[in-house]
Number of protein chains: 2
Amino acid sequence: MARPRTFDEDGALDAAMRTFWEKGYEATSTQDLCDATGLGRSSIYNTFKSKHDLFERALSRYIDSMTTSQLAVMEDTRLSAAERLRTLFAMVVDAETAHRTGGRGPGCLTVNTTVELVARDPQAADMLERDTRRRLTALRAVLEEGQRDGSITSPRDAGALARFVNAAIAGMRISSQGGADRAALESIADITLDALTG
Amino acid sequence: MARPRTFDEDGALDAAMRTFWEKGYEATSTQDLCDATGLGRSSIYNTFKSKHDLFERALSRYIDSMTTSQLAVMEDTRLSAAERLRTLFAMVVDAETAHRTGGRGPGCLTVNTTVELVARDPQAADMLERDTRRRLTALRAVLEEGQRDGSITSPRDAGALARFVNAAIAGMRISSQGGADRAALESIADITLDALTG
DNA sequence: TTCATTATGGATTGATCAGTTCAAAACTCG
DNA sequence: CGAGTTTTGAACTGATCAATCCATAATGAA
């Protein structure tokens with residue numbers, strides 16, 4: 001019936017996501033998005049309503065893939081609660097040290113967007129808030145389970161421990177952007193676990 | 001010899017700092033800076049070489065005032081090491097909850113700049129790196145002292161503990177921007193101290 | 001007062017911004 | 001093949017960006 005697309009929408013979304021991730025929303029121009037995706041402006045604006053719409057979809061994709069893989073670990077019943085958290089931290093350390101070109105990496109798009117946009121972009125704030133709730137809920141469940149099975153010895157409220165773990169992960173990501181190397185991140189993770197098991 | 005200035009340079013710097021703090025570097029236009037300082041473009045460009053130069057001076061001012069007041073606490077010999085850290089965390093909680101208008105606050109300019117600019121602004125990266133070193137050095141000294149006086153019971157390397165505390169503070173600031181309230185931040189601080197004293 | 005010097009406001013620069021328009025190209029279906 | 005529909009590339013739009021220019025105002029020193 002009509003001319004078909006010659007590009008993969010998900011591929012374009014991935015390329016856009018990486019660009020927003022590396023440069024941030026404001027610093028990414030539509031030309032940058034054309035370059036990164038290999039598409040012309042018409043194709044981008046024909047497929048996505050606007051730069052902001054494209055950003056929302058890229059952020060959604062990032063959040064989905066990130067949180068999905070993290071929740072999978074949290075719900076892995078083969079491991080004790082403490083082991084799951086250890087695995088979660090290892091994933092964070094790996095992610096932070098993997099994406100590095102040269103000295104530093106781009107950190108985490110969720111954290112970056114919280115800093116850059118949460119105060120003046122209601123849609124982004126909403127997505128981030130929903131994701132935070134989801135992550136905190138899963139963390140709390142794991143921590144409660146750990147308190148029952150004895151692998152988490154801290155008597156603190158599991159909800160408070162969940163917020164602590166979530167903050168620790170964000171702190172590791174900021175530290176990574178600030179130049180901390182793998183060993184430094186690993187020791188931060190170890191000490192974070194001390195608070196739960198020590 | 002010549003016409004004198006009718007404005008206070010430090011006041012202008014403060015106003016610019018607040019604007020960069022709230023909106024970030026990229027999202028702050030030179031017009032925003034004129035509005036915030038009450039100055040005309042000519043006065044700004046006559047006093048500061050460029051938007052970037054003004055930003056550097058604003059960031060330097062922020063770092064100076066922030067780190068100076070924090071180091072003062074760290075070196076307060078009237079308090080035990082653990083008490084100093086408790087005070088430090090209280091300062092962070094207060095700062096995060098004080099600057100709030102409505103729901104969220106602007107976080108911390110140091111963390112915000114790390115996220116936004118450290119990857120592509122060598123001068124900013126340099127200032128932040130220097131500040132991080134200074135803060136880590138002071139933290140390590142406090143933690144070593146605590147290990148000697150017994151108020152810090154963790155046997156971990158003091159340098160690693162310093163990086164952990166630094167990451168925890170950054171994590172609290174991100175959590176605050178993400179919507180965490182005062183009680184949540186306080187409990188994160190408490191649990192962070194568990195890792196050092198538990 | 002007069003001269004030298006700096007501060008200031010407003011107009012202006014060229015570049016870049018996000019987004020639109022339009023004609024030509026490319027495809028499907030009849 | 002040809003009608004109908006969508007994609008695509010390139011030119012283009014008005015707005016805004018950081019930064020400059022210039023004429024005028026305001027000051028201190030002589």
Is any N or O donor-acceptor pair between the side chain of A:Arg41 and the base of D:dA10 shorter than 3.5 Å? no
Taking any heavy-atom pair under 4.0 Å as a contact, classify B:Thr30: base, sugar-phosphate, or nothing. base
For a quick test of reading the model, state the closest non-hydrogen atom pair linking B:Gly146 to B:Ala81 and the distance between them. CA-CB, 3.3 Å
5' priority, DNA chain D, between B:Pro4 and B:Asp32 [closest heavy atom]: B:Asp32
Would you mind telling me which of D:dT20, C:dT6, C:dT20 lies closest to the side-chain atoms of B:Ala2? C:dT6
Considering every strand and a 4.0 Å limit on heavy-atom distances, what is the contact class for A:Phe48: base, sugar-phosphate, or nothing? nothing
Is any side-chain nitrogen or oxygen of A:Ser43 closer than 4.0 Å to OP1 or OP2 of D:dT7? no
Per B:Phe7 side chain, nearest of listed nucleotides D:dA19, C:dT8, C:dG19: C:dT8
Send over the distance from B:Glu9 CD to C:dT6 P, rounded to a whole Å. 16 Å
Euclidean distance, atom CG of residue A:Asp53 to atom C1' of C:dT20 [Å, nearest integer]: 17 Å
Find the distance B:Tyr45:OH to D:dC22:C1' and express it as a whole number of Å. 17 Å
Option among B:Arg104, B:Arg100, B:His99 that satisfies the side-chain hydrogen bond (donor to acceptor under 3.5 Å, both in side chains) test with B:Ser176: B:Arg100
Could you state the atom-to-atom distance from CG of A:Asn46 to P of C:dC22 in whole Å? 16 Å
Taking any heavy-atom pair under 4.0 Å as a contact, classify B:Ser42: base, sugar-phosphate, or nothing. base
Once you apply a heavy-atom cut-off of 4.0 Å, does A:Thr47 come out as touching a base, just sugar-phosphate, or nothing? nothing
Please determine whether a side-chain nitrogen or oxygen atom of B:Thr6 lies at a distance below 4.0 Å from atom OP1 or OP2 of C:dT8. yes
State whether A:Arg3 places a side-chain N or O below 4.0 Å from either non-bridging phosphate oxygen (OP1 or OP2) of D:dT5. no
Mind calculating the distance between NZ (B:Lys51) and P (D:dA18) to the nearest angstrom? 4 Å
Quick one: which of A:Asp131, A:Thr110, A:Thr132 gives a side-chain hydrogen bond (donor to acceptor under 3.5 Å, both in side chains) with A:Thr67? A:Asp131
Between A:Tyr25 (OH) and C:dA18 (P), how many Å, whole number? 8 Å
Using whole Å, report how far NE2 of B:His52 lies from P of D:dC17. 18 Å
Measuring from the side chain of A:Arg5 (C-beta onward, heavy atoms only), which nucleotide among D:dC17, D:dT8, C:dC27 has the closest atom? D:dT8
Under the salt bridge (charged side-chain N to carboxylate O under 4.0 Å, His left out) rule, what do A:Glu56 and A:Lys51 come out as? Steps first, then yes or no, please. CA-CA 9 Å; A:Glu56 278 182 60; A:Lys51 177 188 171 183; over 6 Å; no
Applying side-chain contact (heavy atoms from CB on, under 4.5 Å), name anything that partners B:Asp14, two or more places apart in sequence or on another chain. B:Met17, B:Arg18, B:Arg61
Interatomic distance, B:Phe20 CZ vs D:dA18 C1' [rounded to whole Å]: 12 Å
